[in-house]
There are 2 protein chains.
Amino acid sequence: MIRLLLADDEGLIRGALAALLALEPDLTVVGEAADSVTAVQVALRERPDLAVLDLEMPPGDGLRAATEIRSKLGIPVVLVTRHARPAVLRRALAAGVAGFVPKTTPAARLAEIIRTVHSGRRYVDPEIAASALTEDACPLTDRELEILAVVRGGAPIAEVAAAVHLAPGTVRNYLSAAMAKLGADTRHAAAHHAWQQGWI
Amino acid sequence: MIRLLLADDEGLIRGALAALLALEPDLTVVGEAADSVTAVQVALRERPDLAVLDLEMPPGDGLRAATEIRSKLGIPVVLVTRHARPAVLRRALAAGVAGFVPKTTPAARLAEIIRTVHSGRRYVDPEIAASALTEDACPLTDRELEILAVVRGGAPIAEVAAAVHLAPGTVRNYLSAAMAKLGADTRHAAAHHAWQQGWI
DNA sequence: CGGCCCGCATGACAGATGTCATCGATTCCC
DNA sequence: GGGAATCGATGACATCTGTCATGCGGGCCG
């Protein structure tokens, strides 16, 4: 019997996934959580064999919870996400996640994936993995990404500069470089693009 | 026995919801679809008693499918959405949707809601309904919304003007008005805000 | 009819933004 | 130590953007 922790901020989805997994005789959900902080707490209390986490989960994201659960309990983590892009996959694997499942995956496959991961192997969505190998990596530097992340909310440059502790002129330089690399006309278009690619 | 159509573009969610609903003895899923066009086709073929549709579903959105299914089959539609804001609720109700369920709803409630709607009554998430009554309506005009929708992708003003067939100066005027109403510093912040509120 | 409001457009102007050349400080490597 | 590379910053300049005042035409209502 594989004991699972299930975390997703959307109650309907969390409950539906629980119902789906309850159909499997060898799986049992021993804990649920609606945010990443609770997820870690419940994991420490229930000591599940494996954790299934939604990536899009406040506060921050599920990746932090995944890292923490892995370091504190040493159990494998399966990450479920709607935003399945190569860059996201890279970050997830870097964080030591054992399973990477887009929400477009057929529901019937989830149980097998969980068993695969529980047995010590890894599972990565083949389509995303293929893209990750063929697609170019993100051409942006860390600073450029950091700045674009702030820009995404629509903030004017002065605010961005304050947020990242840089001079406004410097921010404009970084944005100029990022826009050139991305072929974007405005910093907002660049931020939009970077987000769609999963870079920020 | 209530015969259901289930449409959601995310296979994992669709399958999980099917598993959840299959637990109820009086509910049966007779058709599934992964996009709004297929949803209408399947509905016409299977003639379900009720349709459960995800709002965020390509192409366009689930609202179009909801309207079409209602007009062609006359059956009640339950709309499930992640983006539950008062403005979205208003649009859904205007389209004749009988049930409005945020994805944060506890999973256990979905079956009751479906029964309620099937019996001819309506169900609207109480929290969203309360906000819809107390919150101010959208202060933006149709043109302002149309323009903000184009702006959201990060396009420069010239492109926006071309997209909506207006002079660039006029676009700036509309944006200026919208930004004033929304208290935003830039058109991008305004577009971001309008989207968060579900206005575009 | 005449006034009035509204949608659309224009022009002018200040301030924000994108581009570019350059410079100081730090680090790394030979 | 010298030199190259990198990061952060500055200043100048052309453009783009946001604001405001204004004008034109078409409905609407008294």
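By convention in this document, chain letters (A, B, ...) are assigned in the order of the sequence lines, proteins followed by strands, and residues within each chain are numbered from 1.
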Under the salt bridge (Lys or Arg N to Asp or Glu O under 4.0 Å) rule, what do Arg14(A) and Asp9(A) come out as? Steps first, then yes or no, please.
CA-CA 7 Å; Arg14(A) 193 172 67 247; Asp9(A) 58 319; over 6 Å; no

Using a 4.0 Å cut-off on heavy atoms, which residues in residues 146-160 of chain A reach DNA chain D? List them by number, or say none.
none

Surrounding CD of Gln196(A) (heavy atoms of other residues, nucleotides or ligands, distance under 6.0 Å), is the total greater than 12?
yes

Distance (rounded to the nearest 0.5 Å) between Arg109(B) CZ and Tyr123(B) OH
4.0 Å

Contact summary for Val37(A) and Pro59(A), nearest pair of heavy atoms:
CG2-CG, 3.8 Å

Mind listing the residues from residues 174-195 of chain A sitting with a heavy atom below 4.0 Å of DNA chain D? Number order is fine.
Tyr174(A)

Cluster companions of Val30(B) among Ile, Leu, Val, Met, Phe, Trp, Tyr (side-chain spacing under 4.5 Å)
none

Does Glu146(A) come within less than 4.0 Å of Arg143(A), counting only side-chain N to carboxylate O?
yes

Between atom CG of Leu53(A) and atom CZ of Arg64(A), what is the distance when rounded to the nearest 0.5 Å?
13.5 Å

Gap separating the OH atom of Tyr174(B) from the OG1 atom of Thr141(B), nearest 0.5 angstrom:
6.5 Å

So which protein nitrogen or oxygen atoms get under 3.5 Å of nucleotides 9-14 of chain D's nitrogens or oxygens?
residue, atom, partner, partner atom, Å
dA9(D), OP2, Ala167(A), N, 3.1
dA9(D), OP2, Thr170(A), OG1, 3.3
dT10(D), O4, Asn173(A), ND2, 2.8

Atom pairs and distances, donor-acceptor, side-chain atoms in residues 182-189 of chain A, under 3.5 Å, two or more places apart:
residue, atom, partner, partner atom, Å
Thr186(A), OG1, His188(A), N, 3.3
Thr186(A), OG1, Ala189(A), N, 3.1
Thr186(A), OG1, Gly154(B), O, 3.1
Arg187(A), NH1, Ala155(A), O, 3.2
His188(A), ND1, His188(B), NE2, 2.8

Pair Thr38(A), Asp35(A): side-chain N/O donor-acceptor within cut-off below 3.5 Å:
yes

So, do Leu55(A) and His83(A) sit near enough that their side-chain heavy atoms are less than 4.5 Å apart?
no

Could I get a table of every N or O pair under 3.5 Å where one atom is in the protein and the other is in nucleotides 25-28 of chain C?
none

Counting neighbours of CG on Asp26(B) that are heavy atoms of other residues, nucleotides or ligands and sit closer than 6.0 Å, is the number greater than 12?
yes

